[in-house]
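Below is one structure, written out as structure tokens; the observations come after it.
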Amino acid sequence: MSVTPYNVLGTRPIRHDGADKVTGRALYGADLQLARMVHGAILRSPHAHARILRLDTSKAAALPGVFAVVTAADFPPAAADKIVDFGEGDMLLSSLRGNILASGKVLYSGHAVAAVAAVNAHVAAEAVALIEVDYEPLPCVLTAPAAMAPGAPLLHEGLANGNVAEYIRHEIGDLTAGFAAATVIVEREFDTATVHQGYIEPQNATAFWSSDGRVHIWCSTQGSFVARDATAAVLDLPVSQVKVTPMEIGGGFGGKINVYLEPVAALLSKKSGRPVKIVMSRRDVFTGTGPTPGSRVRVKIGVDTAGKITAAQAWLAYEAGAYPGAMVGPGAMTVFACYDIENVLIEGFDVVVNKPSTAAYRAPGAPNAALATETILDEIAEKLGIDPLELRLRNAAKEGTRRADGPRYKRIGCVEVIEAMHASAHYNAPLPGPHCGRGVAIGYWFNIGLPSSATLSVNADGTVNLIEGSTDIGGSRTSLSMQAAEVLGIRAEDVHPTIVDTDSVGYTGVTGGSRTTFATGLAVYEAAQDVVTQMKARAATLWTAEEVDFSGGIFSSGPNTLTFAQLAAQLGATGGPVVGSAAVNPRGAGGSVAGLIIDLKVDPETGKTDVLRVTSVQDAGKAIHPAYVEGQMQGGTAQGIGWALNEEYFMDASGDMRNSSYLDYRMPTALDLPMIDTIIVEVPNPGHPFGVRGVGEANIIPPLPAVANALYRAIGRRLNSVPMNPATILNL
Amino acid sequence: MAPKVQVQTTINNEPVQFLCEPRQSLLECLRDVVGLTGTKEGCGDGNCGSCTIKLGDRIVTSCLVLGVEAEGETITTIEGLAHGNTLHPLQKAFLEHAALQCGICTPGFLIAADALLQKHPHPTEDQTRFWLSNNLCRCTGYDKIIRAVQAAAVEIHGAPQ
Amino acid sequence: MATVFIPTVVRPRLNGLAQLEATGSTVGELLIDLETRYPGLSQHLLRPNLAISVDDEVTPLGVLEPVRPDSEVHFIAAISGG
Ligand code: FES
Ligand code: FES
């Protein structure tokens, strides 16, 4: 028998929304049908950079079946430099609005310019084609190095330095002395292409602007409160005037935090007096939503004969797309985050270019940076004749290690993950034959806290209803219910979770930053403790006892005992309903380290790479529902492999994306991947009562460098750009 | 706007008549006209498989079929896979193996996998991957989907001889 | 006295100083103390894209976070995540 202290945690119950999702009953955003609903469509810019000279919507408005047309002129007036605070990052209102509907200039091909609501989507598309726009095309700039070059076309006035919106610098120790102490120094430069999160469900939003002034939004979002706050800011409404009902969401990975359609649907509804639904096409998703930055990264690492890193330097330039915010901050924070290094200099540049405004994508900014660090370490390990995992182990960050940006680590599982990789069957198995290579890499992601709220009400049959606000993208209803069940001593199936709208639960941050099972989990834990406290008081009333104990799902006092369910049946007689609630804003999110071992085979004639064997390793702190932890690891690994080998925005010189369909933007299919083995490491997070660390993101960091390292072993050459597709491999 | 056409079909074992414009895809008709929104749209151009349905005896991406082409046809959608309240073994296996995360791809995978198991009662891993390579899933990395389909094959047809 | 670590990009404004000692019982009080010696410093530290870390933990309380005499205060990149 295993010696787990838990009854529910670590088991694999069927997810609560499972039956709805395998029978087609679950309602996603696009599935919503409302009486009198009409359909919206968006006009998008064909130019990557152009001034809008004239915008005439009259012909569109005159088309039979059209109910409303809106442009940026329909936004209420607001101060240009107003800052919007979402509690999860701030943004200039002008940038937020500018990306939703362009005014003055278009900054990328795909930039939204105007929108139409019509009786159906076909008529809306016809109407969009009738909108007349005169553009004055401007020279465009598409990569960070080009945008930083002297004389580059400027996207905005008044950024910090030309197209550089922000400069980041972290410095510790003495870099010169550190490199002087090194025996091996390797410096390399890497380029990565723009890639998309690739969620299968396109963005969608339905809005109804009621005659009482309240706006109701139904949408697919990672955070209903963030969608509410952003929509309210764009429309200059108090947040309480907007209610967001989160529909089921078909994937997000960071890409469904920003709002694109919600304010537009609301304005169309205000003008038409009808509910308006807008659903993006796949091309809209690729060209009109935020992919993750392309980048140029230069890294230099020095190591002494003992295999100790003596100095490390990084220069990171990330493409923000049309508006500042390229996630270079997290790139700079994570580039050397796995290692204990005394002498470090990191510089980061947030660079605007004429591409879609970028958004988060699973550990945003980290894979681009890790590609450089982890392939250079591989090269150094080879030069020193040290096993690549051993080299990492000798330098692994631990509790107390000072990060380059200042603070010291709390307990992290870097050593444990490397050791698990080293001990794995995969790492110790021979490669199957010629043209094969094995690569390893690790990555670190910080994870976040942020507010969450939850309410539990006790039913007379001994079950509880859980009311929460974290949209469920991968089984979080269950990972949250399990934490309530563990505290209350009941089964996971005895918790009935419901995700409600923003009027019906306390503020809850996004399902992102690997925070849901951690932070909303903590809220659920606290709410369950609140229930226990109240139920103890009921038992005390029942037994006229002073002290009541609760453990293992049993209330007791002297000879009296009642199970949770037995006491739940007596609530009516002891004072009425019991409702527990909690709102938290936790610290101590506890970062997660992930590692990957991958075997590849390269066909020397075609340059095609086959993935032979994959093992993903990650520190989960405590795996609440191991199957969904494995699922996160497998999904992040698959996305990382796609990013490494195939995916890219293929832009022509005019800034048009030439592969904006799934046929040409080729994501991994079932045929491109083998089974993805997983090893869950559990180094409990001291910041959570069950030790939970979020596992949603770190797993996407190691694939880029692990694939690069495996390719090197297979073909004997190091590649310095991603994707590492057949053309790149053959053209070496 | 061209006049609407009346289409007679059998959907999930029930006779269904619907009116559609000639330009409407079968996917759009199923979702917006008939109200069967279990079939999903991920791309609209035949490349994601979310809209997979059974049309006659073959599986199709319903975004590439016109509504009017369904005249006289027999259609099975995700809503018709279970027998009343009893889930199909594939549906059960997907739940037991945690083969869905966001679930948007799941209806398409289930319909495609059902057709696979009718043609190959005991598909190999390679056969399963090949058959399902028309269906994109961005969340799972496919591992648990493949395992669920193979478990369902055993549940339906018994262990391979 | 608590130690306030100065982000690298702000150090040129302080002739390269990397850390400063300050007194106070909250982050806000430390900054008020520093303002008397380095007028205008806090506007470079209290920026929307910087989070406040006290004793190696990002604090949701920001300037209201209590500090001890031996506390370390850092201003680090605010991260959200995907
Ligand atoms: S919606 Fe039909 S294949 Fe994607
Ligand atoms: S479960 Fe999300 S796309 Fe497959």
Side-chain angles (χ1 to χ4, degrees), chain A residues 83 85 88-91 166-172 197 222 252-255 257 292 325 327-330 332-334 345-348 359-365 400 403 405-410 445-451 510 512-515 585-589 687 694 696-697 700, chain C residues 1-22 26-28 30-31 34 40-68 70-82:
Chain A
I83 299 240
D85 174 8
E88 336 213 342
D90 304 65
M91 201 168 179
E166 197 187 1
Y167 170 62
I168 290 167
R169 190 181 167 96
H170 303 307
E171 199 172 357
I172 53 171
Q197 301 84 358
Q222 287 178 241
F253 316 110
I257 297 173
T292 210
M327 305 286 173
V328 71
M333 278 167 88
T334 53
L345 173 62
I346 300 165
E347 294 177 280
Y361 178 19
R362 217 167 193 154
R403 296 158 25 188
D405 63 325
R408 291 157 303 197
Y409 282 112
K410 303 281 188 187
W445 185 249
F446 287 89
N447 295 340
I448 54 173
L450 299 179
V510 293
S514 302
R515 63 175 293 280
N585 190 1
R587 41 196 99 204
E697 296 172 281
I700 201 175
Chain C
M1 296 242 274
T3 309
V4 177
F5 286 73
I6 305 301
T8 318
V9 283
V10 182
R11 289 179 201 166
R13 297 176 188 281
L14 301 171
N15 295 322
L17 283 178
Q19 56 194 69
L20 298 170
E21 304 287 302
T26 62
V27 174
L30 298 181
L31 292 179
L34 290 179
L41 175 63
S42 20
Q43 80 187 69
H44 299 289
L45 300 177
L46 300 177
R47 301 212 0 244
N49 52 357
L50 291 182
I52 298 175
S53 157
V54 174
D55 297 329
D56 307 318
E57 201 80 87
V58 172
T59 159
L61 288 179
V63 291
L64 299 178
E65 179 72 19
V67 292
R68 297 187 316 261
D70 61 345
S71 283
E72 273 192 12
V73 179
H74 295 268
F75 297 85
I76 63 173
I79 57 170
S80 46

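Proteins come first, then strands; the chains are lettered A, B, ... in the order of their sequence lines, and each starts at number 1.
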Using non-hydrogen atoms and a 4.5 Å limit, figure out which bit of [X] sits close to chain C: side chain, backbone, both or neither.
{"X": "Q222(A)", "value": "side chain"}
{"X": "F253(A)", "value": "backbone"}
{"X": "E171(A)", "value": "both"}
{"X": "E166(A)", "value": "side chain"}

For T8(C) versus H170(A), what's the shortest heavy-atom pair and its separation? OG1-CA, 3.5 Å
Please report the shortest heavy-atom distance between A77(C) and M333(A), naming the atom on each side. CB-SD, 3.5 Å
Kindly compute the distance separating CD1 (I168(A)) from CG (L50(C)), expressed to the nearest 0.5 Å. 9.0 Å
Regarding R408(A) and E57(C), does a basic nitrogen lie under 4.0 Å from an acidic carboxylate oxygen? no
Taking the side chain as C-beta and beyond, is there a heavy-atom pair between [X] and [Y] under 4.5 Å?
{"X": "D56(C)", "Y": "Y409(A)", "value": "no"}
{"X": "E65(C)", "Y": "R587(A)", "value": "yes"}
{"X": "H74(C)", "Y": "D405(A)", "value": "no"}

